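Presented below is the structure to which this report refers.
We count ligands from 1, going down the list as the structure has it; atoms in each ligand are counted the same way. Quick caveat: nothing in here was measured; it's all calculated off a predicted structure.
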Amino acid sequence: MSTTRGLEGVVATTSSVSSIIDDVLTYQGFDIDDLADNATFEEVIYLLWNGHLPKENELNELTKDLAANMDVPKEIFDFMKQYPIEKVHPMAALRTAVSQLGLYDDEADEMNEEANKRKAVKIQAQIPAIVTGFSRIREGKEPIAPKADLGFAANFLYMLNGEEPDETSITAFNKALVLHADHELNASTFTARVCVATLSDIYSGVTSAIGALKGPLHGGANEKVMAMLSEIGEPDKAEDYIKKAMANKEKIMGFGHRVYKQGDPRAKHLRDMSERLTKVTGETKWYDMSLKVEEVVTNEKGLLPNVDFYSASVYHSLGIDHDLFTPIFATSRASGWLAHILEQYSDNRLIRPRADYVGPDKQKYVPMDQR
Ligand code: ACO
């Protein structure tokens, strides 16, 4: 049997949710550049789940449905208060809470299309409340209920901080959500599809996906980028730091990609946002340092920034705790996971590849006293 390490280049399914062709990312055929400049995150959710941009009444209905489903069962927040909270990473809290959501949904194991769509709305609506609720609970505060008259991006920031955000923050956060929403058969989406292809339930699918996103080679990279920038400290220290790290064969977080070879099309939007937002906060050093890191990594290794690199300084400039960066990625990517899960259910076949066995052969059982 021949193997492909990491399944590189293997085409594992057909999908009409999103595509990466010649380094261009589209959601349902719409170029990400177009959506990033024009769409709200709610429109993107609708697009990913339904295959077309919503008409006004369709968007209103989705917005109303999301708002009506944002309240998280009280038991989930009560349980969070019992976590060893100072040791719990917010991605672990999110993974646990989404799994728990299934316990309080009478339809959790209902497999028909309508029930799965209702569950998709609930999961998409409740993830922001879980992420922000956890953040407040660990600060000794109570979770804040969402406001029905705020959009998705504004509500997230409101539930996190307890104050209605300004327009600049809402626009930037909305764009970040649009840019992270889907990405073909990335590792967490593949995980979700493998899980539900056993005809397991949608909560199990999203819980598995959160687990896969958490790793630093995938969504967890954005938090690591900020840790690296904080360690570098100042733009004029970036060159030495990166050259040393490369000489030690360390991976530079936020660079490289399995699929894009000419660059990740999402990075330029985040780079622009980083420049704008760091000017607003007066902390331009994060943008300057990021630019310097990019210059050195690209010159030395020919590697280009991926979506995670500039999102770090964007979220930092929005005043967000660094360990919430990956849960924010999950908040957005849930829309893509759910689209892929619904697509998988609609034309399912078990996903079960093979392994090329390279272990020892013809072994014989040896009794304990003879080993
Ligand atoms: N820093 C330094 N070297 C790198 C980096 C990096 N960030 N990325 C790739 N390379 C090097 C590898 O060391 C390897 O070099 P070699 O051939 O001399 O051994 C070569 O480039 C190929 O890299 P692989 O790791 O084989 O590439 P792969 O496709 O398996 O991995 C990945 C892609 C995981 C994204 C990788 O580039 C990486 O680890 N990047 C850093 C983590 C990161 O930013 N992850 C987020 C990705 S985007 C997302 O998931 C949202």
Side-chain angles (χ1 to χ4, degrees), residues 3-12 17-18 20 23 25 27 32 36 91 94 175-193 208-229 231-232 238-271 274 290 292-315 322-337 340:
T3 60
T4 310
R5 274 195 89 220
L7 300 182
E8 180 165 2
V10 171
V11 178
V17 182
S18 64
I20 305 169
D23 283 8
L25 170 63
Y27 298 166
I32 190 65
M91 278 300 276
L94 178 63
K175 196 180 262 208
L177 292 175
V178 168
L179 289 167
H180 285 82
D182 198 42
H183 206 223
E184 203 223 46
L185 214 54
N186 62 91
S188 54
T189 301
F190 185 52
T191 304
R193 289 190 80 128
S208 320
I210 294 168
L213 187 74
K214 182 170 175 283
L217 296 189
H218 190 14
N222 56 11
E223 181 186 344
K224 301 278 181 207
V225 170
M226 202 61 223
M228 175 180 73
L229 295 177
E231 210 178 305
I232 295 172
E239 185 163 357
D240 271 5
Y241 180 99
I242 296 296
K243 284 186 172 166
K244 254 185 222 142
M246 282 182 165
N248 290 334
K249 300 252 172 266
E250 286 168 31
K251 281 221 164 153
I252 312 299
M253 289 292 138
F255 286 86
H257 203 275
R258 175 62 69 77
V259 182
Y260 297 117
K261 297 304 166 205
Q262 307 303 318
D264 183 332
R266 302 165 296 180
K268 60 181 178 296
H269 295 282
L270 290 153
R271 189 194 290 111
S274 169
S290 302
K292 191 70 203 167
V293 170
E294 178 180 353
E295 184 191 310
V296 179
V297 176
T298 306
N299 285 347
E300 296 287 313
K301 263 221 138 178
L303 289 165
L304 296 163
N306 58 47
V307 71
D308 288 318
F309 187 62
Y310 284 98
S311 63
S313 47
V314 165
Y315 296 145
H322 300 172
D323 61 1
L324 294 180
F325 293 2
T326 315
I328 287 170
F329 192 156
T331 301
S332 165
R333 183 57 56 85
S335 61
W337 294 332
H340 281 268

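In this structure a side-chain-to-backbone donor-acceptor pair under 3.5 Å is missing from S274 to L270. With Y315 contributing its side chain and I328 its backbone, the two residues share no donor-acceptor pair below 3.5 Å. A donor-acceptor contact shorter than 3.5 Å links the side chain of T331 to the backbone of P327.
Taking the six-membered ring where the residue is Trp, H218 and F329 present perpendicular rings, their angle passing 60° and hence far from 30°.
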Sub-3.5 Å pairs, protein N or O with ligand 1 N or O:
| residue | atom | partner | partner atom | Å |
| --- | --- | --- | --- | --- |
| ligand 1 | 1 (N) | I252 | N | 2.9 |
| ligand 1 | 7 (N) | I252 | O | 2.7 |
| ligand 1 | 7 (N) | F255 | O | 2.9 |
| ligand 1 | 25 (O) | K251 | NZ | 2.7 |
| ligand 1 | 29 (O) | R258 | NE | 2.6 |
| ligand 1 | 30 (O) | R258 | NH2 | 3.1 |
| ligand 1 | 37 (O) | F255 | O | 3.4 |
| ligand 1 | 39 (O) | K251 | NZ | 3.0 |
| ligand 1 | 40 (N) | F255 | O | 2.8 |
| ligand 1 | 44 (O) | G254 | N | 2.8 |
| ligand 1 | 44 (O) | N306 | ND2 | 2.9 |
| ligand 1 | 45 (N) | L217 | O | 3.0 |
| ligand 1 | 50 (O) | H218 | ND1 | 2.8 |

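Each side chain to side chain donor-acceptor pair (under 3.5 Å) pair with one or both residues in residues 247-260, not counting sequence neighbours, appears once here: H183-Y260.
Here the options are R266, K261, K268, the test is salt bridge (charged side-chain N to carboxylate O under 4.0 Å, His left out), and the partner is D264; only R266 passes.
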